[in-house]
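Note that the coordinates shown come from a computational prediction; the quantities given were computed from them, not determined experimentally. What's counted below: heavy atoms across the whole structure, side chains too, no hydrogens, waters or symmetry copies. To find a chain, count down the sequence lines: A is the first, B the second, and so on, and within it residues start at 1.
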2 protein chains.
Amino acid sequence: MSDNFNSQFFQHVDASVPQYVAELGEAVAIPSVSADLQTHLKDIIQMEEWTKSYIERLGGSAELLPNPKGVDDNGNELPPILLAEFKAADNSESKKTVCCYAHLDVQPAAKEDGWDSDPFVLTEKDDKLYGRGSTDDKGPALSWLWVIQAHRKLGVDLPVNVKLMFEGMEESGSEGMFEAIQILSKEGKFLSDVDFFCISDNYWLGASKPCLTYGLRGLAYFSCSVQCCEQDLHSGVLGGTVHEAMTDLVQLMASLIDSSGKILVPGIMDDVAEVTPEEDALYETIDFNCESYKKENKVASVSNKLMYENEKDLLMARWRYPTLSLHGIEGAFSGTGAKTVIPAKAIGKFSLRLVPDQDPKRIEKCVSDHLNKVFASLGSPNKMNVTLLHGAKAWLSDPNHPNFAAAARATEKVYGLLPDYTREGGSIPITTAFEEATQMNVCLLPVGACDDMAHSQNEKYNKKNLVNGVKVLGLYLHELGELKG
Amino acid sequence: MSDNFNSQFFQHVDASVPQYVAELGEAVAIPSVSADLQTHLKDIIQMEEWTKSYIERLGGSAELLPNPKGVDDNGNELPPILLAEFKAADNSESKKTVCCYAHLDVQPAAKEDGWDSDPFVLTEKDDKLYGRGSTDDKGPALSWLWVIQAHRKLGVDLPVNVKLMFEGMEESGSEGMFEAIQILSKEGKFLSDVDFFCISDNYWLGASKPCLTYGLRGLAYFSCSVQCCEQDLHSGVLGGTVHEAMTDLVQLMASLIDSSGKILVPGIMDDVAEVTPEEDALYETIDFNCESYKKENKVASVSNKLMYENEKDLLMARWRYPTLSLHGIEGAFSGTGAKTVIPAKAIGKFSLRLVPDQDPKRIEKCVSDHLNKVFASLGSPNKMNVTLLHGAKAWLSDPNHPNFAAAARATEKVYGLLPDYTREGGSIPITTAFEEATQMNVCLLPVGACDDMAHSQNEKYNKKNLVNGVKVLGLYLHELGELKG
Ligand SMILES: [Zn+2]
Ligand SMILES: [Zn+2]
Ligand SMILES: [Zn+2]
Ligand SMILES: [Zn+2]
């Protein structure tokens, strides 16, 4: 890779910003909300068709793979998965192949939720591009196309073969993706010759310093139901005569965690990996500040207290230790005002974030044993049931892998500094799916800032992150092309 | 009152059943849901207009009193209150005046909630009339009109002057009624010459034996909010770093009551009145059976256990001891499925049913002191707030009052047996309001059966209860007319 290419490429990207903004605007205008397939399946498909035809105009091959799962649990047709390929013109056979994953669906959004502008009209203000999907994940998805386009315009061959796998159900459980990954990893199929994976669907730790992400927590999401009868009862008419489900459920939920954040379920901490000196060192230089974190997450104006008030402990609590959150109760009264109901069946929802080396199956047993024991101690005649709704292992990669090293060098060339190595508290289950099905390394290469408000009101993508993102992803391909062996 | 009138009246009522069913069907078809004024204010008003014009066709005078409260806390216009009068033609001045209260609004209902038929289409099946409001309270409300109509058709003068006060906000806190009762009780106003009140808006203890109700529990309905930040957070991204509101709230709710039904708030039991021998005796003959109670309330098929397994203890728990019910949590995740949210602010809803001689103000202090103490013990930096949303004293009347005696004799003439004397677990706050403002006796004269499922799916009114209800209410007027002094 020549410095000559770099400067030409950077110039081209800088000059193309108005085009990028216009095209991102076209993409944002398609309300591809996967949470509501009945209304928006057609929009997801339109978004996929829009992208496919863009790819074909760039000379790539593309197909819409019918969703291997067919329909979701409610019988709604699921959108296809977009598979595309740009082969290098010269020596394609000897060049490496990278598969870039992104998603074209978005979270729901409505102006009434508190957006300052129409969420489906990309709106520029103070060098920020506001709109649903701007940063999650349409901006990053299109960036791969802009990288290819730059090579075409500059007459430069691709340093690696580039495959794209873009789905339309990520915000709703990536339905069909896991099946697709299994099928496509078989001998001779789409993923079978992939050497590296790259996913740009998470965020920097802060607002200004880029990072690479090498770990994700897993998830064990539980429901715990208590039923006392078959119909809701009136608390005035019947209160005092039945063993109320809510009374038991609240005791059960209260037995899971205390206000200091300590998980009270025996055995949960048994398999948590020790901190190694190498891991510990990664935390030392990280660009992170507790005070800004409180402000960004709007804790400052309420309690103004975090679980830990020093950066390393807080990041470890977020990334490498399990946590338990109580999300709410289904089946009980949840409206405003005062309803005098005795819920017949109340279903507590809570989840643990898992870390290496916790096994969701073992966690399920710990939680289930604990709740059964507590429930027995209540002496209640009600029916109690614990169910693991979702289980996913944590993911931990090697930040020294060549795939990460390539991403780090690309970042350095664009930003002039080495990225932080971060983990994420959340899970991105397809990461593990790609890795387990193909045994190839997956690098999480975020391009958006921590305050992009993915999933929230006023989601935005900084124009600066857009520009630098295209540059980093472009150079990343060249760094991969330089790798030996 | 002559036996001749009785038999003519009974015949007329029996012959009018098809008309009654048709008219109740018209009323049920108007979805006068007071919980949703934005959508249904017009329907409540239509229901009131429908009734007003019925009254006027019967020769009564009627007016729609603008709601004295004007708007609710959300700024929604409140429906008017219907005031009507049927004066006796002869000796009106020397005759007693009874004021009959009912409500024309209904609880929300939707087919999807699990109704077997459209809740707003009165549907007859096995001599039961299914529909929202059929028994609560449109059937009883219309019964007063049918009683008047029978007198008109039979050419019989009214034995007492009859006033009707029908409201449209009962299911949503009777907003404006308390102000109206105050205003209308003043010298020369609508309620100032009322001698007796009758309310038919509760239910028999069982499915077959009529009763009169002389006591109601009061209410202290609380919300307890805990806030940790100003926006909902993602439990994956941030779990482990903030003091979560739900963790604290569940501890607070768990501190209120245990699974045996024991209220854990200190001081709550201090002012509960002792059981007197007279009171104790009223429980001896009551038509009540724990096994049927379990079946009716659909406890049998789930836990098949009540708090007490003997009738007297169970009825006392329901009527004359305080209870505490946890209703649910506002602001947390309450949907189906799995949402990984850390709620920013979670608001627990719970209420106590109060009995003589508990004072809601003192109960508020006990609950607030207790929760503040428990919250302090949690060491949480979050913001906690306890609010009494509604407070109402218990009501206890004299079952030997002439008003009750008249209702008892009317019941005996229709059913051939004396009614049970019951209390209710729930509160009907306007009962106390009428009594306190006018110093006149209020008789609760239920006409529906215990299994009518008011507020629930498949609410119904037995055709037999409808017919006998009209008869009892008609004879009750005559019994009042016979009273001396
Ligand atoms: Zn995403
Ligand atoms: Zn997302
Ligand atoms: Zn009612
Ligand atoms: Zn009601």
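In this structure, the side chain of A:K349 engages the main chain of B:G335 through a donor-acceptor pair within 3.5 Å.
Among B:A317, B:C450, B:P381, the residue with the largest count of heavy-atom pairs under 4.5 Å with chain A is B:P381. For chain A, the option among B:A332, B:S325, B:G348 with the highest count of heavy-atom pairs below 4.5 Å is B:S325. Interface check for chain A: of the options B:N297, B:N382, B:V299, B:L389, the most heavy-atom pairs under 4.5 Å are formed by B:N297. With respect to chain B, the highest number of heavy-atom pairs below 4.5 Å among A:G426, A:A254, A:A300 belongs to A:A254. With respect to chain A, the highest number of heavy-atom pairs below 4.5 Å among B:L238, B:D73, B:L216 belongs to B:L238. The candidate with the highest count of non-hydrogen atom pairs below 4.5 Å against chain B, out of A:Y293, A:W319, A:Y321, is A:Y293. Considering only heavy-atom pairs separated by less than 4.5 Å from chain A, the leading option among B:G331, B:C229, B:G425 is B:C229.
Scanning all heavy atoms of the two residues, the minimum distance from A:S235 to B:S351 falls at OG-OG, 4.1 Å.
Contact annotation for B:L315: neither backbone nor side-chain heavy atoms come within less than 4.5 Å of a heavy atom of chain A. Contact of B:H234 with chain A is made through the side chain alone, with heavy-atom distances under 4.5 Å. Within the 4.5 angstrom heavy-atom criterion, only backbone atoms of B:E296 (N, CA, C, O) approach chain A. Residue B:M316: no heavy atom, backbone or side chain, is found under 4.5 Å from chain A. Looking at B:H243, both its backbone and its side chain come within 4.5 Å of chain A, counting heavy atoms on both sides. Within the 4.5 angstrom heavy-atom criterion, only side-chain atoms of B:L233, from C-beta onward, approach chain A. In this structure, chain A has no heavy atom under 4.5 Å from any part of B:S223. Using a 4.5 Å cut-off between heavy atoms, B:L306 touches chain A through backbone and side chain atoms alike. No part of B:S172 comes within reach of chain A, as not one of its non-hydrogen atoms sits under 4.5 angstrom from that chain. Proximity to chain A is limited to the side chain of B:T323, based on heavy atoms less than 4.5 angstrom apart. With a 4.5 angstrom heavy-atom cutoff, B:R353 touches chain A only via side-chain atoms.
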(Q) For A:K294 and B:V242: C-alpha separation, side-chain torsions, deciding distance, then whether side chain to side chain contact (heavy atoms under 4.5 Å, CB included) applies. (A) CA-CA 9 Å; A:K294 280 185 212 169; B:V242 296; over 6 Å; no
Q: Check step by step if side chain to side chain contact (heavy atoms under 4.5 Å, CB included) holds for B:M453 and A:Q231.
A: CA-CA 10 Å; B:M453 310 293 286; A:Q231 68 191 8; 2.6 Å; yes
